[in-house]
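Convention: sequence-line order gives letters A, B, ...; per-chain numbering from 1.
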Amino acid sequence: MSANLSSMLFLITGVLFILALRGLSSPETSRMGNFFGITGMILAIVVSILSVDIFFSNLIYFIIALSVGGIAGSIIAFKIPMTAMPQLVAGFHSLVGLAAVLVAISAYYSPDSFGLGAFQNIKTASIIEMGLGVSIGAITFTGSIIAFMKLQGLMPGSPITFPGQHYLNALLGILIISLIGYLAVNQSTQIFWMLVVASILIGFLIIIPIGGADMPVVISMLNSYSGWAAAGIGFTLENTALIITGALVGSSGAILSYIMCKGMNRSFLNVILGGFGTDSTSNNTKEKTEQKPVKSGNAEDAAFLMKNASSVIIVPGYGMAVAQAQHALREMVDKLKKNDVKVSYAIHPVAGRMPGHMNVLLAEANVPYDEVFELDDINNDFANTDVAYVIGANDVTNPVAKTDPKSPIFGMPILDVEKCQSVLFVKRSMSPGYAGVDNELFYRDNTLMLFADAKKMTENIVKYL
Amino acid sequence: MEIDPFIFRLSIFILSIFIGYFVVWSVTPSLHTPLMSVTNAISSVIIVGAIIASFSSLDGSSISFSNILGFIAVTLAAINIFGGFLVTQRMLQMYKKKKKNK
């Protein structure tokens with residue numbers, strides 16, 4: 001296939017990918033969008049196979065590699081529970097990162113096949129692009145593995161910090177930039193591998209200090225990195241499809257990171273530097289807890305309150321995902337609707353462990369998406385609502401974010417559940433949320449605490465309805 | 001004076017960032033999780049590099065180090081492509097509108 005024709009077809013791939021993302025602007029068009037994405041990918045694969053000189057021995061291995069990967073990917077896609085989406089996406093990011101690293105290493109050792117010159121005599125621009133691609137790819141790879149392990153519970157979700165951490169990271173960052181510069185000059189194998197190792201190391205180091213509830217930002221950020229890595233490789237290979245896709249994915253991840261940071265009213269730098277929620281505020285909270293009285297109730301009370309209400313807003317959080325309570329919740333809502341109670345759902349931007357996590361779980365439980373509202377769209381309705389049912393959420397409802405400038409969550413947009421006539425809080429204990437801040441809503445007269453596992457409590461309420 | 005092809009690629013790159021910016025802002029927040037899984041799937045278009053690596057050879061007989069890296073990269077990218085698109089499809093099928101009462 002001529003180079004001009006294949007470039008044209010790669011451009012079409014890029015356009016199809018743009019349409020794939022465009023489709024996601026509404027659930028109706030999204031399935032069509034995914035179809036465009038798949039078509040674009042098939043086109044890209046066919047064009048690249050037709051552009052290389054195929055020879056039989058390697059073709060067999062190639063087909064085996066493609067089938068093994070394809071079958072493994074399909075099995076994962078069908079088996080994975082929706083609650084595990086954050087770690088799945090993190091795991092997938094690490095694969096993109098590693099693939100980018102492998103392609104860059106391969107291009108470094110056989111530049112002639114990629115049309116980049118001869119071994120250790122690669123065009124200067126190409127070696128710099130290659131260096132950037134391999135470095136960002138390696139950071140994405142190890143960073144995503146750490147994120148995956150934290151989300152999967154294979155390592156503690158709490159931040160891991162040590163003295164001099166930021167200096168070490170800064171030093172490694174400078175080292176990586178100098179290595180890329182040095183590589184452009186002498187192209188030695190040692191420098192190339194030093195760059196790979198330094199990038200692998202920094203990927204690990206930048207993610208360990210970030211705590212579990214900041215994972216929405218981390219996953220979005222790694223999403224962005226995987227895009228930039230693909231773009232870097234795209235420049236090396238002079239491939240339009242990769243450059244366009246890398247830019248799309250890179251900016252998509254960056255926007256999601258921005259939305260998540262805004263949802264917590266924290267700067268991106270503050271999240272990345274990590275160590276949030278480890279200060280000593282938890283001691284103070286304990287004392288306060290003992291002094292103030294808390295009203296706690298059982299499933300029967302909750303059922304009575306909601307049955308006699310005319311409107312209920314459900315506020316789900318990460319706890320709902322952990323307890324897998326979304327199906328029980330839907331059952332409860334169905335019963336309420338039979339009693340002519342108006343029910344809607346309110347989702348905070350950072351609820352869950354990844355952007356849109358709660359929406360997917362509710363969709364899985366057959367909750368129609370037009371009953372689910374974002375913070376800005378529903379926040380004014382709380383004042384006219386009888387009952388707020390908060391299930392597995394905490395910090396995102398804490399009014400202290402509006403009143404106490406000293407609080408670590410001050411300025412964070414919150415769901416105004418305190419404006420409801422009564423608030424039901426399903427929680428396992430009085431422990432403060434991720435930010436380590438006591439939630440003063442627990443002590444209000446119109447709050448009823450339901451101490452139980454989110455799923456069990458919801459199932460019990462269903463029985464009393 | 002001739003323009004370096006790099007400049008053309010850079011132009012495509014910069015303009016694509018802007019396209020990405022506007023397209024992604026128009027994505028509805030309830031579909032942010034499928035957005036992440038689909039961007040993940042499309043970034044596996046890096047498989048085009050893996051395909052070149054898989055068939056890079058001077059004489060077309062022995063399997064080189066680059067070939068082996070290429071095969072591994074093809075496997076990883078394939079996991080992502082199949083896994084990413086299928087899981088996105090699975091999620092999107094769950095999003096349903098309210099059924100109207102008859």
Heavy-atom pairs under 4.5 Å with chain B: which of [options] has the most?
options                       : value
A/L237, A/L362, A/V96         : A/V96
A/P86, A/A125, A/S74, A/G14   : A/S74
A/A107, A/G253, A/G37, A/G246 : A/G37
A/Y61, A/Y108, A/F373, A/Y109 : A/Y61
A/I347, A/N366, A/I259        : A/I259
A/E371, A/M82, A/E28, A/M358  : A/M82

Answer with side chain, backbone, both or neither: which region of [X] has an atom nearer than 4.5 Å to a non-hydrogen atom of chain A?
X     : value
B/N67 : side chain
B/V45 : both
B/I47 : side chain
B/I68 : neither
B/I81 : side chain
B/F65 : side chain

Looking at [X], I want to see if its [atom1] is surrounded by more than 12 non-hydrogen atoms of other residues, nucleotides or ligands under 6.0 Å.
X     : atom1 : answer
B/I14 : CD1   : yes
B/F8  : CZ    : no
A/D53 : CG    : no

task = Please test B/H32 against A/N359 for side chain to side chain contact (heavy atoms under 4.5 Å, CB included), starting from the C-alpha separation and ending with a verdict.
result = CA-CA 9 Å; B/H32 277 165; A/N359 303 77; over 6 Å; no
Answer with side chain, backbone, both or neither: which region of [X] has an atom nearer than 4.5 Å to a non-hydrogen atom of chain B?
X      : answer
A/S251 : side chain
A/V52  : side chain
A/I49  : both
A/S30  : both
A/I64  : neither
A/I219 : both
A/K123 : neither
A/F35  : neither
A/T236 : neither
A/A100 : both

Without swapping roles, check the side chain of [X] against the backbone of [Y] for a donor-acceptor pair under 3.5 Å.
X      : Y      : result
A/R31  : B/L92  : yes
A/N58  : B/F55  : no
B/R9   : A/E238 : no
A/S110 : B/S66  : no
A/S106 : B/G70  : no

Pairs of heavy atoms under 4.5 Å with chain A: top-ranked of [options]:
options             : result
B/I12, B/I17, B/V38 : B/I17
B/A77, B/P29, B/A50 : B/P29
B/I72, B/I46, B/L86 : B/I46

Considering all heavy atoms, the nearest [X]-[Y] contact:
X      : Y      : result
A/A77  : B/V87  : CB-N, 3.7 Å
A/M41  : B/F85  : CB-CE1, 3.8 Å
A/V249 : B/S43  : CG2-CB, 4.0 Å
B/G20  : A/I255 : O-CD1, 4.3 Å
B/F13  : A/A247 : O-CB, 3.6 Å
B/K97  : A/Y369 : CG-OH, 3.4 Å

Quick one: [atom1] on [X] to [atom2] on [Y], what's the gap to the nearest 0.5 Å?
X      : Y      : atom1 : atom2 : result
B/K96  : A/D370 : NZ    : CG    : 12.5 Å
A/F36  : B/I42  : CZ    : CD1   : 13.5 Å
A/I38  : B/T88  : CD1   : OG1   : 8.5 Å
B/L31  : A/S25  : CG    : OG    : 8.5 Å
A/I63  : B/S54  : CD1   : OG    : 11.5 Å
A/I244 : B/I19  : CD1   : CD1   : 7.0 Å

task = Taking the side chain as every heavy atom from C-beta outward, state whether B/T28 and A/L24 have any pair of such atoms under 4.5 Å apart.
result = no
task = Find out whether B/Y95 and A/E364 are in side-chain contact, i.e. whether some heavy atom of one side chain is under 4.5 Å from a heavy atom of the other.
result =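 No, their side chains stay 4.5 Å or more apart.
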ask   = So which of A/M354, A/M85, A/H357 actually passes side chain to side chain contact (heavy atoms under 4.5 Å, CB included) with B/M36?
value =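 One option only clears the test, and that one is A/M354.
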ask   = Just one of B/I51, B/V74, B/T75 clears the side chain to side chain contact (heavy atoms under 4.5 Å, CB included) bar with A/L66, so which one?
value =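 Checked B/I51, B/V74, B/T75 against A/L66; only one passes side chain to side chain contact (heavy atoms under 4.5 Å, CB included): B/V74.
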inquiry  = Ignoring hydrogens and geometry beyond distance, is a side-chain donor-acceptor pair present between B/T39 and A/N223 at under 3.5 Å?
reply    = yes
task = Could you verify whether a donor N or O on one side chain and an acceptor N or O on the other, from B/S26 and A/R22, lie under 3.5 Å apart?
result = yes
task = Would you check if the distance from the ring center of A/F62 to the ring center of B/F71 is below 6.0 Å?
result =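 Not close enough - the centres of the two rings lie 6.0 Å or further apart.
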ask   = Step by step, would you call B/V48 with A/I45 a side chain to side chain contact (heavy atoms under 4.5 Å, CB included)?
value = CA-CA 6 Å; B/V48 302; A/I45 293 173; 5.9 Å; no
request  = Carefully, step by step, assess B/L35 and A/S252 under the rule side chain to side chain contact (heavy atoms under 4.5 Å, CB included).
outcome  = CA-CA 8 Å; B/L35 171 67; A/S252 163; 3.7 Å; yes
